[in-house]
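All chains are named by letter (A, B, ...) in the order of the sequence lines, taking the proteins before the strands, and each is independently numbered beginning at 1.
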Protein chains: 2
Amino acid sequence: MFRMTGLRADARRNREKILAAARELFREQGTAVALDDIARRAGVGIGTLYRRFPDRDALILDVALEGFETVLAVVEAARAGGGGAAAVLDETFRRVVEQRERLVMPLVGGPVVRDPRVRKLQRAILGALEEVLAEGRGEGVLRADITAFDLVGAAAMACRPMPHLPREAAGALAARHVAVYLHGLRPHGAPALPDMVDPGGYLGLG
Amino acid sequence: MFRMTGLRADARRNREKILAAARELFREQGTAVALDDIARRAGVGIGTLYRRFPDRDALILDVALEGFETVLAVVEAARAGGGGAAAVLDETFRRVVEQRERLVMPLVGGPVVRDPRVRKLQRAILGALEEVLAEGRGEGVLRADITAFDLVGAAAMACRPMPHLPREAAGALAARHVAVYLHGLRPHGAPALPDMVDPGGYLGLG
DNA sequence: AGCCAACCGGAGCTTTTCCTCCAGATAGGG
DNA sequence: CCCTATCTGGAGGAAAAGCTCCGGTTGGCT
């Protein structure tokens, strides 16, 4: 039989439940949330959580990794879908908003920032977006001074947790925001942007 | 002598230090952060924190209140500055980004949402923005389907904490994002927006 | 079906956080 | 400068969270 990972089926299921609960609670209360609460919301024992994630940072890291993987998959799927650069960006942001509750990249200035797998995913995401931008500039549908970093930042902002709002309202807000932002990316009559500052490394989302 | 509040000078100073530390830590780690940590970062004893803020919710509420007050002041100052609606929005968002580290409205679906002072400030902010929008539509410089709620949401997104980035990089990112967003608010060639969903109450930022 | 390596849950010990209380310090009016 | 109402910091008991360990359960191979 095909094994997705080296884990047994029940273990894999529980791992997913824990990650889902962690995503929710990180978004609602931040990464300082009690691990007991995460286990409780996941419906597993605390021992199960600690077996799979030796400490808080390991859990944060895995949540972040899945988030970055999802983003990369979204960008690649949008590119594979074809169309011009504008269409690719539309599709990318549409899917980012759709999956924003999964895109929890806890934004912690800790071990996550230094993890090589995270950095590799970041490079892949930025690289793919840069290619899209290059195309778009060639087609004249995108202003020239936008960087891939701007786009990742925009995605991060649109994915901002808003746990005080009903889910659909938060989703609608994000979708509308992104629509305006994308429209603002067009070169026609665009005023100059403030200077970029080197981010020096890690990019994080919601 | 003029008393800003009923507090003694040292008490007022410490209150500010505690709020500043709380803002930082809420942004970095979320509202579940240990209150001891907040007192330590503020450089005051834990007793001082508890005397001023009887529990976590009181602290969260006061941080939120100051944030909403700041936003309202920003909007009103921008309107007082004059110019057309577009200029008012430019100025509003410029200052929001400038003060984004102070605009911590913890986004917790708890007591904050129900506090009457918070709701009053929200109404004032939304009301002021609606007037600006009405002007802007009259002048033809703003697309007609944008709501005040969209604008508050945009501000919240731009204020998103990004503690993993150097401060200047995060600021530049926010400023550039807002510039693109504002450009996207112009009606020329704008595609239709997704439908709005009623937020049902509380609005929160950063 | 039968077996066993892998996994589960939570009791329970340790560490941290919560919160109260009060002896000593200080602002600021007279 | 002195007095006192107000404020401070941190010790310390209670409560919660962090973390480990092991008896019992279960998936999945044969």
Side-chain angles (χ1 to χ4, degrees), chain A residues 1-64 66 106 108 110-112, chain B residues 1-64 66 106 108 110-112:
Chain A
M1 180 207 170
F2 177 62
R3 319 205 82 184
M4 182 96 55
T5 86
L7 295 177
R8 222 168 72 174
D10 51 348
R12 196 157 59 238
R13 247 188 335 264
N14 281 338
R15 183 175 181 282
E16 283 313 311
K17 286 196 285 184
I18 291 167
L19 285 170
R23 275 194 295 266
E24 285 179 24
L25 285 167
F26 285 168
R27 286 176 62 91
E28 287 171 22
Q29 302 188 34
T31 52
V33 72
L35 298 185
D36 291 26
D37 287 349
I38 294 177
R40 196 171 317 117
R41 182 167 305 193
V44 304
I46 185 64
T48 301
L49 188 151
Y50 277 100
R51 190 174 325 104
R52 210 55 64 202
F53 306 98
D55 57 26
R56 182 187 301 277
D57 283 341
L59 180 53
I60 292 174
L61 178 58
D62 275 17
V63 166
E66 294 212 340
V108 172
V112 170
Chain B
M1 180 204 167
F2 177 63
R3 316 205 85 184
M4 183 94 55
T5 85
L7 296 176
R8 221 169 73 176
D10 51 348
R12 196 157 58 239
R13 254 192 325 269
N14 280 337
R15 183 174 181 280
E16 282 314 312
K17 286 197 283 186
I18 292 167
L19 284 170
R23 275 194 293 268
E24 285 179 23
L25 285 167
F26 285 167
R27 286 175 62 90
E28 287 170 21
Q29 301 188 35
T31 52
V33 72
L35 298 185
D36 291 26
D37 287 349
I38 294 177
R40 197 172 316 119
R41 181 166 308 191
V44 304
I46 184 66
T48 300
L49 188 151
Y50 276 101
R51 188 174 326 105
R52 210 55 65 204
F53 306 98
D55 57 24
R56 182 187 301 276
D57 283 340
L59 180 53
I60 292 175
L61 178 58
D62 276 17
V63 166
E66 294 213 339
V108 172
V112 171

When the side chains of residues 49-56 of chain B are checked against the rest of the protein, which donor-acceptor pairs come out under 3.5 Å, sequence neighbours left out?
| residue | atom | partner | partner atom | Å |
| --- | --- | --- | --- | --- |
| B:D55 | OD1 | B:D57 | N | 3.3 |
| B:D55 | OD1 | B:A58 | N | 2.9 |
| B:R56 | NH1 | B:T31 | O | 2.7 |
| B:R56 | NH1 | B:V33 | O | 2.7 |
| B:R56 | NH2 | B:V33 | O | 3.3 |

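- Between B:R51 and D:dT8 there is a side-chain N or O to OP1 or OP2 distance below 4.0 Å.
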Under 3.5 Å, N/O pairs linking protein and nucleotides 14-18 of chain D:
| residue | atom | partner | partner atom | Å |
| --- | --- | --- | --- | --- |
| D:dG18 | OP1 | A:R56 | NH2 | 2.6 |
| D:dG18 | OP2 | A:L35 | N | 2.9 |
| D:dG18 | OP2 | A:D36 | N | 3.4 |
| D:dG18 | OP2 | A:D36 | OD1 | 3.3 |

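- Pairing each heavy atom of B:R15 with each of B:L7, the nearest pair is CD-CD1, 3.8 Å.
- The CZ atom of B:R27 sits 11.5 Å away from atom CG of B:L25, with the distance rounded to the nearest 0.5 Å.
- Side-chain N/O atoms of B:R52 include one lying less than 4.0 angstrom from OP1 or OP2 on D:dT8.
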Under 3.5 Å, which donor-acceptor pairs link side chains of residues 34-48 of chain B to any protein atom two or more places apart or in another chain?
| residue | atom | partner | partner atom | Å |
| --- | --- | --- | --- | --- |
| B:D37 | OD1 | B:R40 | NH1 | 3.0 |
| B:R41 | NH1 | B:E24 | OE1 | 2.8 |
| B:R41 | NH1 | B:E28 | OE2 | 3.0 |
| B:R41 | NH2 | B:E28 | OE1 | 3.3 |

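- Regarding A:D10, its CG atom lies at a distance of 6 Å from the P atom of D:dG27, rounded to whole Å.
- Within the 4.5 Å cutoff, the side chain of B:I18 has heavy atoms near those of the B:L59 side chain.
- Taking atom CG on B:L49 and atom P on C:dC18, their separation rounds to 10 Å, with Å as the unit.
- Near DNA chain D, defined here as any heavy-atom distance below 4.0 Å, the residues from residues 13-24 of chain B are B:N14, listed numerically.
- Between the CG atom of B:L25 and the P atom of C:dT17 there is a distance of 12 Å, given to the nearest Å.
- Two end axes, each from the C1' atoms of five base pairs, can be drawn for the helix from C:dA1-D:dT30 to C:dG30-D:dC1; they diverge by 40°, to 10 degrees.
- Between the CZ atom of A:R8 and the C1' atom of D:dC29 there is a distance of 12 Å, given to the nearest Å.
- The NZ atom of A:K17 sits 7.5 Å away from the CZ atom of A:R13 when rounded to the nearest 0.5 Å.
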